[in-house]
Amino acid sequence: MVAKTRIGTLGIGMAAAATTAWLFHDVPSQLGKRPLSTDRASRIQDSPQFVDGAFTNPMPASLPFSRPPLRVVKEMMADRGGRLPTGEVPLVTPSFETVQSLDIGAVWFGHSSAFLRIEGHNVLIDPVWSYRVSPSRLLGPRRIHETPVPLDALPDIDAVVISHDHYDHLDRATTLALARRTETQFVVPLGVGAHLQRWGIPLDRIIELDWNEEGRVGDLTFVATAARHFSGRSLTRNDTLWASWVISGSAHRAFYAGDSGYFDGYAAIGEHHGPFDVTFMPVGAYDDSWPDIHMTPEQAVSAHVKLRGKLLVPVHWGTYTLARHSWSEPIERLWQESKERGVSFVTPRPGDIVNPYSPATVNTWWQALGAA
């Protein structure tokens with residue numbers, strides 16, 4: 001009996017160990033790699049954004065958390081159901097033939113992931129197809145809705161643009177799947193290329209830029225511009241840069257704010273690089289515990305105006321629960337603010353096609369799933 005008990009205990013222990021190994025075996029690789037190579041380290045040291053051993057914001061920014069972390073975690077865990085939609089988020093299967101017929105057009109997939117068609121080129125912005133935005137398969141924010149299309153249903157991608165290395169913007173599994181498309185280039189902020197190299201992406205497919213530097217993919221120009229945020233995939237913070245992005249062809253321009261808080265530099269970006277046919281502006285995951293590193297919907301509208309944007313596409317909302325506000329509050333506030341200020345905007349469902357020169361009539365589809 002004792003022997004059987006020991007064997008049973010051993011079996012349970014082996015099963016638990018195997019389960020733990022499955023859940024966490026990928027964590028070290030998910031964390032990426034610190035940018036310590038000689039060439040990259042030299043560029044980082046020479047960057048005007050790198051001060052006293054870390055990248056910094058263009059103006060002071062308080063990082064999470066201004067209140068005690070345990071208190072914030074407790075608040076995030078409370079009333080989670082109140083921060084979820086009451087039904088299924090409607091998904092649309094986009095016609096990529098239709099969007100590729102446009103000189104400039106887009107598809108929002110959820111959170112900050114978007115497809116941009118501009119002057120014959122296909123660009124993916126912060127693509128994340130994974131279920132969790134976390135290094136763990138067990139822990140971390142999980143999807144509220146599926147992606148409207150599988151990753152392999154996308155057309156050929158010329159460039160993947162990454163704003164920074166947080167898990168809800170740089171996803172290893174998605175990145176590796178896209179890297180199998182041998183023509184795809186990766187356009188990333190300074191230091192982030194180290195993660196991609198660790199994951200096996202060749203250096204000649206990585207365009208790594210500091211703020212105000214530009215790179216080319218085909219006939220498109222990509223300019224890394226300032227943002228107010230922070231970086232890090234582990235306890236180490238700010239050893240890679242974060243950025244907003246200008247994506248321009250000969251006649252059309254798009255702006256992606258990345259994962260940025262509000263700051264006074266948007267007018268200068270608009271003056272130097274605008275006007276923009278479309279801006280992708282983050283509107284969700286704001287909180288008074290991190291007031292400087294995520295925009296409120298009202299601030300997103302103000303930034304769009306200063307950027308001289310034509311059409312505002314709201315992103316960074318609706319897919320993951322990353323703050324204490326209700327699921328629909330960001331889009332509800334954006335809708336109200338944009339109407340009051342006469343700003344042209346759209347409220348796409350995941351998968352909807354966005355045409356800046358023939359935008360769809362704004363509808364309040366989210367209200368059927370629980371108003372703010």
Side-chain angles (χ1 to χ4, degrees), residues 94-129 147-149 151-164 169-171 174-175 177-189 192-193 196 201 205-209 213-225 227 243-259 269 273-274 276-282 307 309-316 346 348 350-357:
S95 166
F96 288 104
E97 288 186 2
T98 298
V99 72
Q100 288 183 112
S101 70
L102 304 174
D103 288 336
I104 183 168
V107 177
W108 179 59
F109 298 120
H111 199 57
S112 293
S113 301
F115 174 90
L116 173 66
R117 175 70 172 185
I118 176 169
E119 297 185 11
H121 296 76
N122 296 334
V123 179
L124 272 184
I125 295 172
D126 279 355
V128 175
W129 258 249
T147 53
V149 293
L151 198 58
D152 58 11
L154 298 180
D156 292 339
I157 302 299
D158 298 296
V160 174
V161 173
I162 302 297
S163 62
H164 64 301
H169 296 261
L170 174 61
D171 178 54
T174 304
T175 301
L178 292 167
R180 289 193 283 271
R181 302 175 176 223
T182 56
E183 301 303 316
T184 302
Q185 297 286 305
F186 294 85
V187 186
V188 303
V192 175
L196 274 58
I201 298 175
R205 294 179 59 190
I206 303 170
I207 300 172
E208 196 170 10
L209 302 177
E213 291 182 343
E214 67 177 49
R216 298 275 295 180
V217 176
D219 295 324
L220 296 183
T221 299
F222 297 80
V223 182
T225 44
S244 58
W245 289 97
V246 173
I247 305 169
S248 60
S250 60
H252 298 284
R253 297 179 180 183
F255 179 80
Y256 171 45
D259 204 0
I269 294 173
H273 301 287
F276 296 101
D277 301 271
V278 60
T279 69
F280 300 90
M281 305 301 296
L307 287 161
K310 172 182 172 60
L311 182 71
L312 188 158
V313 178
V315 300
H316 205 266
V346 289
D352 271 333
I353 293 173
V354 176
N355 181 348
Y357 288 91

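Note that the coordinates shown come from a computational prediction; the quantities given were computed from them, not determined experimentally. All heavy atoms count here, side chains included; hydrogens, waters and symmetry mates do not.
Counting heavy atoms from C-beta on, the side chains of D219 and H121 come closer than 4.5 Å. Contact annotation: the side chain of M281 never approaches that of V315 to less than 4.5 Å [non-hydrogen atoms, C-beta and beyond]. At a threshold of 4.5 Å between non-hydrogen side-chain atoms, the residues V346 and L311 count as touching. You'll find the side chain of P148 reaches within 4.5 Å of the side chain of F109, heavy atoms only. Side-chain contact between H169 and H316: present, with at least one pair of heavy atoms (C-beta onward) separated by less than 4.5 Å. Counting heavy atoms from C-beta on, the side chains of L307 and I269 come closer than 4.5 Å.
Nearest heavy-atom pair, D171 versus P127, reported as atom, atom and distance to 0.1 Å: CB-O, 4.1 Å. The heavy-atom pair separating P356 from D277 by the smallest distance is CB-O, 3.7 Å. Considering every non-hydrogen atom in both A257 and A227, the closest pair reads O-CB, 4.4 Å.
A side-chain N or O of T147 and one of W129 form a donor-acceptor pair less than 3.5 Å apart. When only modelled atom types and interatomic distance are considered, T225 and S244 share a side-chain donor-acceptor pair under 3.5 Å.
Distance CD1/I125 to CZ/F115: 10.5 Å, rounded to 0.5 Å. The line from CG of L116 to CG of L124 is 9.5 Å long, rounded to the nearest 0.5 Å. Expressed to the nearest 0.5 Å, how far CZ of R181 lies from CZ of R205 amounts to 11.0 Å. Rounded to the nearest 0.5 angstrom, L220 CG and I247 CD1 are separated by 8.0 Å. Here H273 contributes atom NE2 and R253 contributes atom CZ; the two are 8.5 Å apart, rounded to the nearest 0.5 Å. Atom OH of Y357 and atom NZ of K310 lie 6.0 Å apart (nearest 0.5 Å).
Relative ring orientation between Y256 and F280 is described as perpendicular, the plane-to-plane angle rising above 60° on a 0-90° scale split at 30° and 60°.
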I would like to know whether L178 and L151 meet side-chain contact (heavy atoms from CB on, under 4.5 Å); could you show each step before the answer?
CA-CA 8 Å; L178 292 167; L151 198 58; 4.2 Å; yes

F255 and V278: side-chain contact (heavy atoms from CB on, under 4.5 Å), yes or no, with the steps?
CA-CA 7 Å; F255 179 80; V278 60; over 6 Å; no

Indicate every side-chain donor-acceptor pair of residues 152-163 with a distance under 3.5 Å to a residue at least two apart or in another chain.
unit_1: D158; atom_1: OD2; unit_2: N122; atom_2: N; d: 2.8
unit_1: S163; atom_1: OG; unit_2: D126; atom_2: OD2; d: 2.7

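Counting only distance, with no hydrogens or angles, the side chain of E213 and the backbone of V223 share no donor-acceptor pair below 3.5 Å. Side chain of R117 to main chain of G105: no donor-acceptor pair is present (N/O by atom type, distance under 3.5 Å, no hydrogens or angles). A side-chain donor-acceptor contact under 3.5 Å links E119 to the backbone of H252. Listed for the S101 side chain is a donor-acceptor partner under 3.5 Å among the backbone atoms of T98. Looking only at distances, no side-chain donor or acceptor of E214 sits under 3.5 Å from a matching main-chain atom of F222.
For T175, the side chain to side chain contact (heavy atoms under 4.5 Å, CB included) partners are L170, F186, L196, W199, I201, not counting sequence neighbours.
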